[in-house]
J.: 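Structure incoming, see below.
For ligands, and for the atoms within them, numbers begin at 1 and follow the listed sequence.
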Amino acid sequence: MAGLSFQRSGQVRTDWSLEEVRALFELPFADLIFEAQQVHRREFKPNEVQVSTLLSIKTGACPEDCAYCPQSVRYDTGLEREALLDVETVLENARLARANGATRFCMGAAYRNPKRHQLAAVAEMIRGVRALGLETCATLGMLEPEQAEELKAAGLDYYNHNLDTSAGFYGKVITTRTYQDRLDTLQAVRDAGIKVCCGGILGMGETRADRAELLHTLATLPQHPDSVPINQLVQVAGTPLFGTAPLDPFDFVRTIAVARILMPRSHVRLSAGRSDMSDELQALCFLAGANSIFYGDRLLTTDNPAEDQDRRLFERLGMRPEAAPVPHIPGEAPMTANTRPESRSADSVELREQR
Ligand code: SAM
Ligand code: DTB
Ligand code: SF4
């Protein structure tokens, strides 16, 4: 790529200019993928993919108006609402996810923001999931700083809170909370010492300039999110975004590649939308630097590829799941792979069949 130099020899930069990000999007496809592969191979084992499993712990009846979301109370999507699950049901699902080869368990709730008693119940779930040797992630909406601290004290590893799109396009998608509200929650999470999982959704009718702006905002946060989920809109009948013209798949792959280059040490998750993608398109996403997926046939309320389909895809591409880091429970001596309760050793990680 004559004349272009986007990387400063392996440095992690938070000073990207919007022009640099836009220029990456304008590269010829093969040049962009080549650059992204180089970054990926420098920072990660190229054929390893982090595997998370999602569970909706509280479903539907959300007061927010996110135009993509089947869980908003404002849209008739035929979704059955469910109260907060009890701890034992959550732990049963976590055990199953672990038996199937997931290393991170992500609990999602259709809240605008959690109330005190709801947060206490989720903290109990986090303690239980962590004791199973899984990494924990939660996505519960907006958090106050004290709430983030409470989750950290319970042992939460990651908090997912997405910016969803550019600041400019945001108002076309959500009106019930501001972009700044989201940035404030991200700051509370970071300040509490919880790892940040933050990304967006593509295919909502945004432009390439919006996608560049979203990635620019993510890559110029005080620290890059540890995990960057790139979702493709799952179109659900009844939501305002149902019927939006689909995104050119190459633009989806480009966005993954640019995220990989801008945030070289972050896991970039090929997140929602895989059920609508061919194996070949997913392979291109991995080639562009995606190295995390949701595994299991359900996301929160919509379908994800069946486990056997993903196992076949991993086999065909020679990919394998990344081992989980050994968790450290606050207040306890750091555990080793040998002392971790009910742990699996790093070299025994594999995607397994549903039990
Ligand atoms: N209610 C909390 C919140 O919005 O912060 C947590 C759960 S919410 C379902 C988590 C994320 O899921 C949203 O921020 C959005 O990025 C993603 N999401 C929701 N519906 C989606 C859809 N139809 N397609 C793709 N991603 C979606
Ligand atoms: C994220 O970025 N994607 C996940 C997770 N974070 C919580 C959610 C995807 C939801 C897709 C629509 C559904 O299943 O309800
Ligand atoms: Fe509610 Fe989250 Fe869905 Fe928005 S994305 S409607 S906040 S569940």
J.: Could you tell me if R254 sits above the aromatic ring of F29, with its cationic atom closer than 6.0 Å to the ring centre and no more than 45 degrees from the axis?
T.: no
J.: With no hydrogens and no angle check, do the side chains of S52 and Q50 hold a donor and an acceptor under 3.5 Å apart?
T.: yes
J.: Could you check atom 11 (C) of ligand 1 against the protein and tell me its nearest heavy-atom contact, residue, atom and distance included?
T.: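 Here the closest protein heavy atom is N162 ND2, 3.9 Å.
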J.: Could you go through the side chain to side chain donor-acceptor pair (under 3.5 Å) check for T176 and R112 one step at a time?
T.: CA-CA 9 Å; T176 46; R112 170 181 164 80; 4.9 Å; no
J.: Check ligand 2 against S271 and write out every atom of the ligand that is under 4.0 Å from a heavy-atom position of the residue.
T.: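 Atoms satisfying the 4.0 Å criterion: 1 (C), 2 (O), 3 (N).
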J.: Out of curiosity, is Q232 lining ligand 1, as in a heavy atom under 4.0 Å away?
T.: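 Per 4.0 Å heavy-atom rule, Q232 contacts ligand 1.
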J.: Closest non-hydrogen protein atom to atom 13 (C) of ligand 1, residue and atom name please, with distance?
T.: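 Of the protein heavy atoms, Y68 OH, 3.8 Å lies nearest.
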J.: List the steps, then state whether side chain to side chain contact (heavy atoms under 4.5 Å, CB included) holds for F25 with L215.
T.: CA-CA 11 Å; F25 272 95; L215 292 191; 3.9 Å; yes
J.: Can you tell which part of T301 has a heavy atom less than 4.0 Å from ligand 2: side chain, backbone, both or neither?
T.: both
J.: To the nearest 0.5 Å, what is the distance between CG on L186 and CG on L143?
T.: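 L186 atom CG to L143 atom CG measures 9.5 Å (nearest 0.5 Å).
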J.: Below 4.0 angstrom from a heavy atom of H161, which ligand 1 atoms are there? Numbered from 1 as shown, please.
T.: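 Counting atoms of ligand 1 from 1, those under 4.0 Å from H161 are 5 (O).
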J.: Decide whether an N or O pair under 3.5 Å exists between L300 and ligand 2.
T.: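 It does: an N or O of L300 is found under 3.5 Å from an N or O of ligand 2.
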J.: What residue and heavy atom of the protein are closest to atom 1 (N) of ligand 1, and at what distance?
T.: Y111 O, 3.1 Å
J.: Do the charged groups of R312 and E315 touch, with an N to O distance under 4.0 Å?
T.: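 No, R312 and E315 are not salt-bridged.
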J.: Under the side chain to side chain donor-acceptor pair (under 3.5 Å) criterion, do R177 and N113 qualify, and how do the steps go?
T.: CA-CA 11 Å; R177 72 173 85 158; N113 55 290; over 6 Å; no
J.: Using only atom types and a distance under 3.5 Å, with no angle test, would you say the side chain of T217 pairs donor to acceptor with the backbone of E213?
T.: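 Between the backbone of E213 and the side chain of T217 there is a qualifying donor-acceptor contact (under 3.5 Å).
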J.: Say whether G108 and ligand 2 are in contact under the criterion: heavy-atom distance to a ligand atom below 4.0 Å.
T.: no
J.: Look at atom 24 (N) of ligand 1 and say which protein heavy atom is nearest, naming residue and atom and giving the distance to 0.1 Å.
T.: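 Checking every protein heavy atom, the shortest distance to atom 24 (N) of ligand 1 gives V234 N, 3.0 Å.
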J.: Below a 4.0 angstrom heavy-atom separation, can you tell me which part of R177, side chain or backbone, both or neither, approaches ligand 1?
T.: side chain
J.: I need the contact type for R177 against ligand 3. Using non-hydrogen atoms and a strict under-4.0 Å cut-off, is it side chain, backbone, both or neither?
T.: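 For R177, the contact with ligand 3 is made by the side chain alone.
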J.: What part of N162, side chain from CB on, backbone N/CA/C/O, both or neither, has a heavy atom under 4.0 Å from ligand 2?
T.: side chain
J.: Under the 4.0 Å line, does any protein heavy atom show up next to atom 20 (N) of ligand 1?
T.: yes
J.: May I ask you to list the atoms of ligand 2 that are less than 4.0 angstrom from any heavy atom of T139?
T.: 7 (C)
J.: What is the closest protein heavy atom to atom 26 (N) of ligand 1, and at what distance does it sit?
T.: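 Ranked first by proximity to atom 26 (N) of ligand 1 is I201 CD1, 3.5 Å.
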J.: Give the intermediate values and the outcome of side chain to side chain contact (heavy atoms under 4.5 Å, CB included) for residues Y295 and T103.
T.: CA-CA 10 Å; Y295 180 64; T103 56; over 6 Å; no
J.: Under 4.0 Å, heavy-atom basis, I'd like to know which part of T239 is in contact with ligand 1: side chain, backbone, both or neither.
T.: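 No part of T239 comes within reach of ligand 1.
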J.: Show the numbers, then the answer: is there a salt bridge (charged side-chain N to carboxylate O under 4.0 Å, His left out) between R116 and E150?
T.: CA-CA 10 Å; R116 180 189 286 270; E150 194 176 330; over 6 Å; no
J.: Under the side chain to side chain donor-acceptor pair (under 3.5 Å) criterion, do Q282 and R274 qualify, and how do the steps go?
T.: CA-CA 7 Å; Q282 293 184 60; R274 289 198 300 120; 2.9 Å; yes
J.: So for L300, does at least one of its heavy atoms come nearer than 4.0 angstrom to any atom of ligand 1?
T.: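 Flag set, L300 near ligand 1.
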J.: Only heavy atoms of T139, strictly under 4.0 Å: list the atoms of ligand 1 that pass.
T.: 6 (C), 7 (C)
J.: Which ligand 2 atoms, with their elements, are less than 4.0 angstrom from a heavy-atom of P229?
T.: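 Listed by number with element: 2 (O).
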J.: Between C197, A272, S56, which one has a non-hydrogen atom sitting closest to atom 11 (C) of ligand 2?
T.: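 The residue whose heavy atom sits nearest atom 11 (C) of ligand 2 is A272.
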J.: Please identify which atoms of ligand 1 are closer than 4.0 Å to at least one heavy atom of A109.
T.: 1 (N), 2 (C), 6 (C), 7 (C)
J.: Can you report which non-hydrogen protein atom sits closest to atom 6 (N) of ligand 2, along with the distance?
T.: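 Nearest neighbour among protein heavy atoms for atom 6 (N) of ligand 2, to 0.1 Å: N160 OD1, 3.1 Å.
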J.: Report the C-alpha separation of Q38 and R42 in whole Å, then their side-chain angles, then the decisive distance to 0.1 Å, and conclude whether the side chain to side chain donor-acceptor pair (under 3.5 Å) test is met.
T.: CA-CA 6 Å; Q38 283 184 306; R42 192 182 68 218; over 6 Å; no
J.: Are side-chain N/O atoms of T165 and D210 paired as donor and acceptor at under 3.5 Å?
T.: no
J.: Charged N to carboxylate O below 4.0 Å: is that the case for E26 and R208?
T.: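 Looking at E26 and R208, the cut-off is met.
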J.: Is a side-chain N or O of E43 found less than 3.5 angstrom from the main chain of P264, in a donor-acceptor match?
T.: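 No, because the side chain of E43 does not come within donor-acceptor range (under 3.5 Å) of the backbone of P264.
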J.: Looking only at protein heavy atoms, which one is nearest to atom 3 (N) of ligand 2, and what is the separation?
T.: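 In this structure, atom 3 (N) of ligand 2 has N231 OD1, 2.9 Å as its nearest protein heavy atom.
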J.: Within the protein, is there a heavy atom lying under 4.0 Å from atom 2 (Fe) of ligand 3?
T.: no
J.: Is L163 reachable from V21 through a run of I, L, V, M, F, W or Y residues, each pair having side-chain heavy atoms under 4.5 Å apart?
T.: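 Result: yes, single cluster for both.
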J.: Ignoring water, what protein N, O or S atoms are under 2.8 Å from atom 3 (Fe) of ligand 3?
T.: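 Checking every protein N, O and S atom gives C69 SG.
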J.: Relative to ligand 2, is T302 under 4.0 angstrom through side chain, backbone, both or neither, heavy atoms considered?
T.: both
J.: Check whether any heavy atom of G141 sits under 4.0 Å from an atom of ligand 1.
T.: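 So G141 counts as touching ligand 1.
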J.: Are a donor atom and an acceptor atom from the side chains of E20 and H216 found within less than 3.5 Å of each other?
T.: no
J.: Among protein heavy atoms, which lies nearest atom 16 (O) of ligand 1, and at what distance?
T.: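 Nearest protein contact, heavy atoms only, for atom 16 (O) of ligand 1 is D164 OD1, 2.7 Å.
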J.: Yes or no on salt bridge (charged side-chain N to carboxylate O under 4.0 Å, His left out) for R211 and E206, after CA distance, side-chain angles and deciding distance?
T.: CA-CA 7 Å; R211 292 188 280 278; E206 78 287 346; 2.8 Å; yes
J.: Looking at ligand 2, does F294 have a heavy atom less than 4.0 Å from it?
T.: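 Judged by the 4.0 Å heavy-atom criterion, F294 does count as contacting ligand 2.
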J.: Do L151 and Y159 have side chains that approach each other closer than 4.5 Å (heavy atoms only, starting at C-beta)?
T.: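 Yes, close enough: below the 4.5 Å cut-off.
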J.: Within the structure provided, determine whether Y179 and D164 are in side-chain contact (heavy-atom separation under 4.5 Å).
T.: no
